[in-house]
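Taking it in order: structure first as structure tokens, then the write-up.
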Amino acid sequence: MTGEIRDIRGIGDMGDIVVTGVGTVVPERHGPWFDVTTELGPRGYKYLPPASQYLLAAARRAVTGGGGLEHVPAHRRGAAVGTNGALRAYFDDVDRVVTTGHSDDLSPAGAPYFAINVLSGRLASDHQIKAFSLTLTSPRVAGFEAVEIGLRALAAGRADVLIAAAMEHGLPHHAPGLAAEQGAVAMTMEPRALAEERGAPILGSCFARTAFAPPALMTTSAGRRQLAAQIETAVSRLGTGDVVVRPVLDDSAVSRALAGVLAATGLTVRPALTADGGCLAPLLLLARLFGAAERRPSLVITATAEGNFAFGGMRPVHSAQPTGSRQC
């Protein structure tokens, strides 16, 4: 098997752009856990798809924790959102109505949501985001793609503040014991100089990189050496110190190959989190590290059966500033 891993590299020094706010909205208990009226208000949100509601609530928490967006004009605000199954339940419901009845039975309130980017469009509308609004949909890695592309836009000067997020509604086949793929996570990011100038909370800095490898390549020693080099490059971006690696894997041959390579690196590797098919779990894990008690540079790595890899790095900032993080 010949070939090579093709990756998209980050731009700029990792410390140039910082995370100022983190917001999460995920189930933490059995039973009812999300009330749209409490989270978003009594009007204008009831008929949005659940994933959109989760996204808006998480973004509000992140924006509030980061000190708001008013310091940046609308045309300098950007958003990038990852998802995989945000509309899966809606599409299943449409299929059921059409196959068992008639298209006239579909609710007009759901008509706009045949396009996945409409969900992110509501985020842009609520926060007056006019620099760019992107939706990424690759399984498992879309959340990290949102961070990667959003940070690249910030580094290139396309915007002065970014909301990077992931949202999922949950898949019907979700199996017990797998990481939940329902809810949303959002982070606000901006150039460090701008955050320091306005006295915003600085939680740390992060980066994301994505890569692709033909799955058959991972069965070869050459492929595993290339993957080890990718991991080494990602770890080096976190600087000196003991980096903690946190894998998010599935039961595919690609994930098993990744686990084997990690075991041979000599790095501190935490037990793997086994996730479902959505993209929420990896970004949620990364975002929660900004408020974790263990303040060590960390690298979250995920892979899919199709050969997609994603690396998300977190480097904390040790300061007495407020955390800016609110979690559900």
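Below, each value reflects all heavy atoms present in this structure, side chains not excepted, and no hydrogens, waters or symmetry copies.
- Although no hydrogens or angles enter the test, the distance criterion places no donor-acceptor pair under 3.5 Å between the side chain of Ser125 and the main chain of Gly121.
- Shown here for Ala166 and Leu280, the closest heavy-atom pair between the two residues is O-CD1, 3.7 Å.
- The CG atom of Leu48 sits 6.5 Å away from atom CG of Leu56, with the distance rounded to the nearest 0.5 Å.
- Arg288 pairs in a side-chain contact (heavy atoms from CB on, under 4.5 Å) with only one of the listed residues (Val22, Val26, Val185), which is Val26.
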I'd like to know whether Met167 forms a side chain to side chain contact (heavy atoms under 4.5 Å, CB included) with Leu123, so could you lay out the CA-CA distance, the side-chain angles of the two residues, the decisive distance to 0.1 Å, and finally the verdict. CA-CA 12 Å; Met167 60 178 170; Leu123 173 69; over 6 Å; no
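- A distance-only check finds no donor-acceptor pair linking the side chain of Ser255 to the backbone of Asp251 [under 3.5 Å].
- Inter-residue side-chain proximity for Gln53 and Phe34 is flagged as met; some heavy-atom pair is nearer than 4.5 Å.
- Contact annotation: the side chain of Pro247 approaches that of Val269 to within less than 4.5 Å [non-hydrogen atoms, C-beta and beyond].
- For the pair His71 and Glu190, the minimum side-chain heavy-atom distance is below 4.5 Å.
- For the pair Val235 and Thr265, the minimum side-chain heavy-atom distance is 4.5 Å or more.
- A distance of 8.0 Å separates CG in Asn308 from OG1 in Thr210, rounded to the nearest 0.5 Å.
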After noting the C-alpha distance and the side-chain angles of Leu289 and Val300, does the key distance pass the side chain to side chain contact (heavy atoms under 4.5 Å, CB included) rule? CA-CA 10 Å; Leu289 293 175; Val300 178; 4.1 Å; yes
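- In this structure, Val141 is not a member of the same hydrophobic cluster as Leu258, with clusters built from ILVMFWY side-chain heavy atoms closer than 4.5 Å.
- The pair Arg225-Glu232 does not meet the salt-bridge criterion, since no charged nitrogen lies less than 4.0 angstrom from a carboxylate oxygen.
- A donor-acceptor pair under 3.5 Å is formed between the side chain of Thr219 and the backbone N or O of Ala216.
- Residues Phe144 and Val248 fail the side-chain proximity criterion, which asks for heavy atoms closer than 4.5 Å.
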Apply side chain to side chain contact (heavy atoms under 4.5 Å, CB included) to Val72 and Leu194, showing your working. CA-CA 10 Å; Val72 174; Leu194 180 59; 4.1 Å; yes
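- Contact of the Glu168 side chain with the Asn84 side chain is registered, since non-hydrogen atoms from C-beta on lie closer than 4.5 Å.
- Contact check for Gln182 versus Pro50: no side-chain heavy atoms found under the 4.5 Å cut-off.
- The NE2 atom of His75 lies 10.5 Å from the CZ atom of Arg77; values are rounded to the nearest 0.5 Å.
- Taking each heavy atom of Ala146 and Leu136 in turn, the nearest pair found is CA-CD2, 3.8 Å.
- Residues Ser138 and Glu145 come closest through the heavy atom pair OG-OE1, 3.1 Å.
- Side chains of Leu273 and Arg246 form no contact here, defined as non-hydrogen atoms less than 4.5 Å apart.
- Judged by distance alone, the side chain of Arg237 and the main-chain N or O of Cys206 form no donor-acceptor pair under 3.5 Å.
- Rounding to the nearest 0.5 Å places CZ of Phe311 at 7.5 Å from CG of Leu299.
- If you take OG1 on Thr24 and CG on Leu284, they are separated by 6.5 Å, rounding to the nearest 0.5 Å.
- Under the 4.5 Å side-chain heavy-atom criterion for grouping Ile, Leu, Val, Met, Phe, Trp and Tyr, Val19 is not connected to Val244 through any hydrophobic cluster.
- In this structure, Thr20 contributes its side chain and Val18 its backbone to no donor-acceptor pair below 3.5 Å.
- Among all heavy-atom pairs drawn from Val147 and Met189, the shortest one is CG1-CE, 4.1 Å.
- Rounding to the nearest 0.5 angstrom, the gap separating the CZ atom in Phe207 from the CG atom in Leu286 is 9.0 Å.
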For a side chain to side chain contact (heavy atoms under 4.5 Å, CB included) check, start with the C-alpha distance between Val81 and Leu119, then their side-chain angles and the critical distance, and finish with the verdict. CA-CA 9 Å; Val81 179; Leu119 304 185; over 6 Å; no
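- Closest approach of Gly183 and Trp33 over heavy atoms only: CA-CH2, 4.3 Å.
- A donor-acceptor pair is defined here as one N or O able to donate and one able to accept, closer than 3.5 Å; such a pair exists between the side chain of Arg140 and the backbone of Ala303.
- Of all non-hydrogen atoms in Leu162 and Ala80, the two that sit nearest each other are CD1-N, 4.0 Å.
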